[in-house]
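We count residues from 1, following the sequence as given. Just so it is clear, the model here is predicted, and its values are computed rather than measured.
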Amino acid sequence: MDKFRMLFQHFQSSSESVMNGICLLLAAVTVKLYSSFDFNCPCLVRYNALYGLGLLLTPPVALFLCGLLANRQSVLVVEEWRRPAGRRRKDPGIIRYMCSSVLQRALAAPLVWILLALLDGKCFVCAFSSSVDPEKFLDFANMTPSQVQLFLAKVPCKEDELVRDSPARKAVSRYLRCLSQAIGWSITLLLIVVAFLARCLRPCFDQTVFLQRRYWSNYVDLEQKLFDETMQNEMRVRGLQRDMSRGAEVHELPSLDTGSGKAHLRAVSSREQVDHLLSTWYSSKPPLDLTASPGLWGGGLNHRAPTLDPSTRLSQQNDV
């Protein structure tokens with residue numbers, strides 16, 4: 001179980017290459033799911049639209065939520081937005097950048113599903129077969145309105161006795177399929193044009209703000225990741241969880257290695273003190289500062305000796 005959790009945390013890291021790989025994996029899974037799905041339109045007047053639109057839109061919603069869950073920054077965006085200001089000023093620009101990055105990756109798989117469904121045309125034909133204007137087709141001239149509605153509802157079911165080998169069914173199906181493919185290719189072209197313009201026009205504008213927001217968003221992500229890893233390692237080495245459950249005292253714990261020596265966390269003697277330290281970390285995070293600042297943690301995680309603070313360490317690793 002620990003190995004699975006470590007593997008999952010690795011894939012939740014802030015590395016853009018890893019996140020892009022997850023997006024490609026979700027897109028590939030989307031293609032496989034759609035190709036293996038057995039589409040069966042109910043061919044009923046009241047249910048065709050519900051089934052077709054549901055199949056067109058419901059899986060993308062599920063894939064979008066999966067994309068949010070797989071992205072570590074989706075949680076950091078909410079935490080950064082809702083956290084108390086404390087010693088660190090909240091920058092709306094960083095939150096907007098992180099949110100934009102999360103949404104772009106989460107929308108990849110849903111867009112693949114929608115485009116596949118539109119280019120295939122089955123969902124579109126099922127959803128809108130009953131909405132076709134019968135006056136566009138000469139074959140419905142001798143039918144009553146109720147017969148026309150029943151016939152149009154049966155269009156997606158080519159094996160039904162009512163529409164089998166009917167030229168009218170083939171004409172309506174071909175019309176809706178062409179319309180669906182036209183919409184799909186138009187959306188594809190629009191996305192390509194938008195991506196092309198964003199890629200080509202970005203160097204034409206000042207990159208200072210973009211680089212700053214990108215840097216500090218990665219900084220926040222790396223800071224939280226190092227904090228989680230540090231706490232887990234210390235609890236694993238010293239058996240902190242077992243000792244806390246028994247109410248025993250906890251000895252001094254090794255903390256981050258800062259090159260010249262090791263910084264040490266102050267010994268804690270009760271669960272209430274640990275809760276206080278964690279609460280201090282949440283409510284009064286250190287400022288985004290690249291210089292050392294003694295006593296950065298205030299009443300929380302204090303260092304015994306003046307040394308490089310964690311913000312300096314994090315910024316150095318983020319520069320690599």
Side-chain angles (χ1 to χ4, degrees), residues 23-24 26-68 103-197:
C23 292
L24 292 177
L26 287 177
V29 171
T30 301
V31 175
K32 182 64 177 178
L33 286 176
Y34 187 85
S35 60
S36 61
F37 183 78
D38 188 13
F39 183 85
N40 291 308
C41 186
C43 295
L44 298 174
V45 177
R46 296 183 179 181
Y47 300 101
N48 280 12
L50 182 62
Y51 181 82
L53 292 178
L55 190 60
L56 181 66
L57 301 177
T58 303
V61 173
L63 292 170
F64 177 75
L65 295 178
C66 290
L68 293 180
L103 291 178
Q104 288 177 17
R105 293 186 172 96
L107 286 173
L111 286 175
V112 170
W113 178 278
I114 293 176
L115 291 177
L116 285 175
L118 290 175
L119 295 178
D120 184 55
K122 292 180 182 179
C123 295
F124 195 88
V125 173
C126 180
F128 296 101
S129 61
S130 299
S131 304
V132 173
D133 186 4
E135 296 182 358
K136 296 182 179 180
F137 306 93
L138 301 177
D139 303 270
F140 300 108
N142 300 326
M143 296 183 182
T144 62
S146 60
Q147 290 176 337
V148 170
Q149 289 298 318
L150 181 60
F151 185 93
L152 292 177
K154 298 294 184 180
V155 166
C157 302
K158 61 182 179 180
E159 300 299 331
D160 191 276
E161 295 181 358
L162 182 62
V163 296
R164 185 182 300 171
D165 300 329
S166 173
R169 189 207 69 82
K170 295 180 181 179
V172 174
S173 178
R174 183 165 52 249
Y175 168 76
L176 291 175
R177 191 179 295 270
C178 291
L179 183 60
S180 176
Q181 291 177 351
I183 296 175
W185 284 115
S186 299
I187 296 177
T188 303
L189 180 61
L190 178 63
L191 293 176
I192 293 176
V193 171
V194 170
F196 174 79
L197 292 177

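- Residues Val163 and Phe151 are in side-chain contact: their nearest non-hydrogen atoms beyond the backbone lie under 4.5 Å apart.
- The two residues Pro156 and Cys126 come nearest to each other via the heavy atoms CG-CA, 3.7 Å.
- Rounded to the nearest 0.5 angstrom, Lys154 NZ and Leu162 CG are separated by 7.5 Å.
- The two residues Ala27 and Ala109 make their nearest non-hydrogen contact at N-CB, 4.3 Å.
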Next item on the list: Take Leu103 and Phe64, measure what side chain to side chain contact (heavy atoms under 4.5 Å, CB included) needs, and give me the verdict at the end.
Entry: CA-CA 9 Å; Leu103 291 178; Phe64 177 75; 3.8 Å; yes
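- The environment of Asn142 atom CG is sparse: at most 12 non-hydrogen atoms of other residues, nucleotides or ligands sit within 6.0 angstrom.
- Expressed to the nearest 0.5 Å, how far OG1 of Thr188 lies from CG of Leu115 amounts to 4.0 Å.
- Taking the six-membered ring where tryptophan is involved, the planes of Phe39 and Tyr51 are tilted, since the angle between them lies from 30° to 60°.
- Distance check: Leu65 CG to Leu63 CG gives 9.0 Å after rounding to the nearest 0.5 Å.
- Considering every non-hydrogen atom in both Gly121 and Ser180, the closest pair reads CA-OG, 3.6 Å.
- Taking the six-membered ring where the residue is Trp, Phe140 and Phe137 present perpendicular rings, their angle passing 60° and hence far from 30°.
- Closest of all the heavy-atom pairs between Val148 and Pro134 is CG1-CB, 3.8 Å.
- Gln147 CD to Leu150 CG: the interatomic distance, rounded to the nearest 0.5 Å, is 8.0 Å.
- In this structure, Leu55 and Phe37 have side chains that are in contact, with non-hydrogen atoms separated by less than 4.5 Å.
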Next item on the list: Could you give me the CA-CA distance, side-chain angles and deciding distance for Ser129 and Leu176, then say whether side chain to side chain contact (heavy atoms under 4.5 Å, CB included) is met?
Entry: CA-CA 7 Å; Ser129 61; Leu176 291 175; 4.1 Å; yes
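- Cys41 and Asn48 get closest at one heavy-atom pair: SG-OD1, 3.6 Å.
- At a threshold of 4.5 Å between non-hydrogen side-chain atoms, the residues Lys158 and Arg169 count as touching.
- The number of heavy atoms from other shown groups lying within 6.0 Å of OH (Tyr34) is above 12.
- Looking at Ser173, its side chain never comes within 3.5 Å of a backbone N or O of Lys170 through a donor-acceptor pair.
- Between Leu53 and Phe128 there is a side-chain heavy-atom pair separated by less than 4.5 Å.
- Contact record, Leu56 with Ile114: O-CG1, 4.0 Å, taken as the closest heavy-atom pair.
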